[in-house]
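Every chain is numbered from 1, with letters handed out A, B, ... down the list of sequences.
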Amino acid sequence: MSFTEQLAEIPWGLIWPLIVIQLILMTAALIDLNRKRSTNGPVILWVFIIIFINTLGPVLYFTVGRRHS
Amino acid sequence: MSQFSLFLGKEWREQARSFKLVWVPLVFIFFGVLEPLTYHFLPQILDSVGNLPEGSDFTLPEMTGADVYASLTGQYQTIGLLVLVLAFMGSLSGERKSGTGTLLYVRPISYAAYYMSKWTAAVLLAVVSLWLGYGMAATYIVQLYDHVPAFSDMVLFLLVLAVWIGFVVTLTLTASSALPTGGAAGAALGILFIGMMIDSLVGTYWTWSPWKLQAYGLAFLTGSPDSGDLAGALVMTAVLAALLVLFGILQARRNAAKAKV
């Protein structure tokens with residue numbers, strides 16, 4: 001099975017909301033990080049967590065990463 | 001009353017600026033999408049990641065719509081509660097620490113209006129997020145599964161769950177009013193999860209508890225719960241929540257002195 005056939009087999013109609021949610025969360029977290037620049041731990045670490053850990057990364061940033069001060 | 005609406009406006013802006021209005025609903029919606037999809041595609045998922053020995057054969061149980069709602073509720077009972085507690089743990093304690101509190105507490109404010117505005121904003125956000133999550137799950141469940149629960153049963157189920165989530169948020173806000181942020185999260189999560197453990201141990205005998213509400217709510221989807229027990233649990237939850245609100249207002253006033261300048 002070629003790569004394009006595999007791509008076509010994915011039920012995009014069902015899955016696209018997951019991708020959109022992930023993108024919105026990631027953008028919101030990155031905008032907030034850029035605005036505040038004060039986190040628990042190095043900022044660059046949080047950039048990687050937000051981008052590379054699916055869904056959980058931005059949520060982790062908003063809950064424990066932001067410094068509440 | 002004018003103080004209340006003023007504070008409510010402030011809470012609204014605070015929730016928008018900290019992106020809570022975005023990420024809390026999105027987390028609930030995410031699980032609402034993921035849960036029905038995971039069960040629908042479970043055979044394919046097992047095939048592709050399984051590492052199963054040659055010739056192994058599973059018979060997966062046929063999931064009905066109600067089963068998926070039950071499983072999603074299980075997710076919300078752990079991850080959902082965790083997210084809500086973490087989102088609201090700093091509502092009052094954070095303001096004492098950051099200095100926003102000092103700006104407020106030097107004025108002759110009504111602490112009841114102060115607490116209630118936070119309570120209203122937090123409960124609204126939490127309940128709307130929960131309902132959006134179930135709504136998203138419903139759009140998938142209607143398409144992918146047989147035996148979908150009737151709409152009127154869903155409404156009753158969502159109303160009962162809203163009471164439970166309201167209780168969770170009230171507990172978190174009161175903890176935040178009485179303790180510093182970290183302690184508040186610990187206390188709220190501790191009480192919630194210890195309550196669940198007690199419920200699973202002696203739940204058969206203690207039928208009037210807030211922790212029973214989600215089980216009664218789910219019972220609407222497959223049949224109907226014992227109406228006496230449901231009413232008892234609802235009254236019990238309302239009384240506990242009212243006591244928590246009173247205690248929270250008193251603690252907010254008392255702890256105002258602890259605000260950092």
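For chain A, the nearby part of B:Q143 is the side chain; its heavy atoms alone come within less than 4.5 Å. Residue B:T100 does not touch chain A at all, counting heavy-atom pairs closer than 4.5 Å. Residue contact with chain A, scored on non-hydrogen atoms closer than 4.5 Å, involves the backbone and the side chain of B:L26 alike. For a residue to count as touching a neighbouring chain, one of its non-hydrogen atoms must lie under 4.5 Å from one of that chain's; by this rule A:P58 does not touch chain B. Contact annotation for B:L144: only side-chain heavy atoms (C-beta onward) come within less than 4.5 Å of a heavy atom of chain A.
Using a 4.5 Å heavy-atom threshold, the side chains of B:Y39 and B:D67 count as separate. Between B:V33 and A:L14, every side-chain heavy-atom pair lies at or beyond the 4.5 Å cut-off. You'll find the side chain of A:P17 reaches within 4.5 Å of the side chain of B:Y140, heavy atoms only.
Between B:Y76 and B:Y134, a ring centre-to-centre spacing shorter than 6.0 Å is recorded.
The backbone N or O of B:A137 sits nowhere less than 3.5 Å from a side-chain atom of B:Y69 that would complete a donor-acceptor pair.
No other option in B:P36, B:S18, B:G99, B:A87 has as many heavy-atom pairs under 4.5 Å with chain A as B:S18.
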